[in-house]
Amino acid sequence: MGKKQLEQFPARPRTEICYKLLMFTAAITGMALLSAFYPVWGNVPFIVIPSFLTLLFAKPVFFEKMKLTTLVVVRLIVVAAAFRLFNPQVYVDLILLALIVNILEATFTDFFRHKKIWNGISGLALAIGVIALHGFWLPKGTAPFGMDYYLVGGPGAVTILYMIGYTLWNWIFVTDEFSPSVSLMHVGFLAAPIIGCVCTLGMGELGGFNMWLLLRACTLSIGGWLQIGAKGWFEREFYNEKFAKFIDWVHTTPVQIVCMIINVSLMAAAIILAAKNGAIGYEFKPFFLN
């Protein structure tokens with residue numbers, strides 16, 4: 001894929017690509033933080049409206065249309081949760097279920113379309129690893145500055161272990177699914193939630209790495225309309241031949257096996273840590289608030 005892309009788009013200077021990736025990642029991080037903290041006033045202008053416009057005017061293919069429609073429906077549900085039309089805790093549980101479904105969808109794609117068994121095994125481990133995570137929507141008046149959002153994490157280092165495993169697995173999946181240019185773009189998408197977590201460490205228990213899944217959900221939705229609406233620009237402006245060769249190296253069997261071992265080990269450690277702290281289990285929540 002790299003050679004074919006090189007024939008279409010000449011490689012850009014490395015410094016130029018670095019600057020564009022830096023600006024792009026900063027913009028994604030900012031939009032994700034605003035969308036996360038403000039599920040109505042941030043989420044609607046940065047995710048819901050652009051997604052609708054993309055569906056109407058960008059003419060996505062069926063798969064892209066289905067994926068983006070699913071994402072925007074989830075973002076509309078978060079608006080309803082913010083207005084307390086139902087118990088927002090139910091939405092948090094729905095997000096964890098959606099995480100499992102999203103991972104399994106990509107995992108089956110790895111197994112049956114890409115024939116990438118090692119990354120597929122990593123995906124199965126990540127889907128199982130969700131049992132180590134728990135989330136809750138902050139009660140009204142808890143968060144500062146009128147913010148309204150949820151947190152998802154686990155005891156000790158569980159969240160960080162899961163975050164590292166997911167990021168590694170998802171990026172490898174992206175490199176099989178898309179071109180080197182789009183894979184580089186996804187470096188920004190996957191880095192943005194981590195950067196957002198670091199930026200909110202000063203908020204104590206109300207921020208930090210327990211915000212990772214929320215920020216990842218936001219960047220995934222932002223990435224949906226951005227990739228569809230500006231895919232040609234990313235293909236042209238983010239191509240680098242050395243990065244394409246790096247991806248070819250990542251796809252070699254020894255590297256894939258090492259990444260799989262790392263991912264499975266991270267998920268095993270997360271589950272063991274959560275189990276030792278009695279954090280594995282589920283309690284059904286009422287759909288409506290009293």
Side-chain angles (χ1 to χ4, degrees), residues 25 67 95-135 152-178 180 182-198 208-220 223 243-277 279-280 282:
T25 305
K67 191 74 172 180
I95 285 297
L96 289 171
L97 177 61
L99 175 62
I100 296 173
V101 172
N102 184 270
I103 291 171
L104 289 178
E105 178 188 17
T107 297
F108 292 144
T109 301
D110 266 333
F111 277 132
F112 300 113
R113 191 168 80 193
H114 298 150
K115 309 300 182 183
K116 300 291 185 179
I117 185 173
W118 306 116
N119 205 49
I121 294 173
S122 294
L124 291 177
L126 279 155
I128 296 171
V130 174
I131 65 173
L133 302 176
H134 286 275
V152 173
V158 166
T159 313
I160 295 177
L161 293 172
Y162 195 91
M163 177 186 71
I164 294 171
Y166 176 94
T167 303
L168 177 61
W169 161 81
N170 190 258
W171 187 76
I172 293 175
F173 169 77
V174 165
T175 63
D176 287 316
E177 189 78 359
F178 303 113
V182 176
S183 297
L184 181 57
M185 177 193 75
H186 276 268
V187 170
F189 280 134
L190 289 166
I194 300 174
I195 295 171
C197 291
V198 173
F209 290 100
N210 286 338
M211 286 197 69
W212 172 77
L213 185 59
L214 170 57
L215 292 172
R216 173 55 185 160
C218 293
T219 56
L220 184 63
F243 190 75
K245 291 180 179 178
F246 170 72
I247 289 177
D248 290 338
W249 175 77
V250 170
H251 286 171
T252 59
T253 299
V255 176
Q256 293 276 307
I257 292 175
V258 169
C259 290
M260 181 271 292
I261 292 173
I262 292 172
N263 266 314
V264 172
S265 300
L266 288 170
M267 292 307 100
I271 292 172
I272 292 171
L273 184 57
K276 284 186 175 180
N277 285 272
I280 293 181
Y282 178 76

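Heavy atoms only: backbone and side chains are in, while hydrogens, waters and symmetry mates are out.
The two residues Ala192 and Thr219 make their nearest non-hydrogen contact at CB-CG2, 3.9 Å. When all heavy atoms of Ala274 and Ile280 are compared, the closest pair comes out as CB-CG1, 3.9 Å. Of all heavy-atom pairs between Met260 and Ser122, the closest is CA-OG, 3.2 Å. Annotation for Ile131 and His134: closest pair O-NE2, 4.2 Å, computed over non-hydrogen atoms. Summarising the geometry of Phe189 relative to Arg216, their closest heavy-atom pair is O-NH1, 4.0 Å, with the distance given to 0.1 Å. The two atoms that bring Ile247 and Pro180 nearest to each other are CD1-CA, 3.7 Å, heavy atoms only.
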Under the side-chain contact (heavy atoms from CB on, under 4.5 Å) criterion, do Val152 and Asn210 qualify, and how do the steps go? CA-CA 5 Å; Val152 173; Asn210 286 338; over 6 Å; no

Test His251 against Thr175 for side chain to side chain donor-acceptor pair (under 3.5 Å), laying out the working first. CA-CA 9 Å; His251 286 171; Thr175 63; 2.8 Å; yes

Evaluation steps, side-chain contact (heavy atoms from CB on, under 4.5 Å), between Ile195 and Val198: CA-CA 5 Å; Ile195 295 171; Val198 173; 5.7 Å; no

Assess the residue pair His114 and Phe173 against the criterion (side-chain contact (heavy atoms from CB on, under 4.5 Å)); give the C-alpha distance rounded to whole Å, side-chain angles, the decisive distance to 0.1 Å, and a yes or no. CA-CA 9 Å; His114 298 150; Phe173 169 77; 3.9 Å; yes

Start with the C-alpha gap between Thr253 and Trp118, add the side-chain angles, then the distance that decides, and say whether side-chain contact (heavy atoms from CB on, under 4.5 Å) holds. CA-CA 8 Å; Thr253 299; Trp118 306 116; 3.8 Å; yes

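The distance from atom CZ of Phe209 to atom SG of Cys197, rounded to the nearest 0.5 Å, is 6.0 Å. Summarising the geometry, atom CD1 belonging to Ile128 is positioned 9.0 Å from atom CG belonging to Leu104; distances are rounded to the nearest 0.5 Å. Note that CG of Leu266 is 11.0 Å distant from CD1 of Ile271, once rounded to the nearest 0.5 Å. Taken to the nearest 0.5 Å, the CD1 atom of Ile103 stands 5.0 Å off from the CG atom of Leu126. The structure places OG1 of Thr107 at 9.0 Å from CG of Asn102, a figure rounded to the nearest 0.5 Å. Atoms CG and CG, from Leu133 and Leu99 in turn, are 7.0 Å apart once rounded to the nearest 0.5 Å.
The aromatic rings of Trp171 and Phe243 lie perpendicular to each other, with more than 60° between the two planes, well past the 30° mark. Using a 30° and 60° split on the angle between ring planes, Phe108 and Phe112 fall in the tilted class, from 30° to 60°.
A 4.5 Å side-chain heavy-atom check between Phe111 and Leu124 finds at least one atom pair inside the cut-off. By the 4.5 Å heavy-atom criterion applied to side chains, Leu96 and Leu213 are counted as neighbours.
Between Lys116 and Glu177, none of the side-chain N atoms (NZ, or NE/NH1/NH2) sits under 4.0 Å from a carboxylate O, so this pair counts as no salt bridge.
Although no hydrogens or angles enter the test, the distance criterion places no donor-acceptor pair under 3.5 Å between the side chain of Thr252 and the main chain of Asp248.
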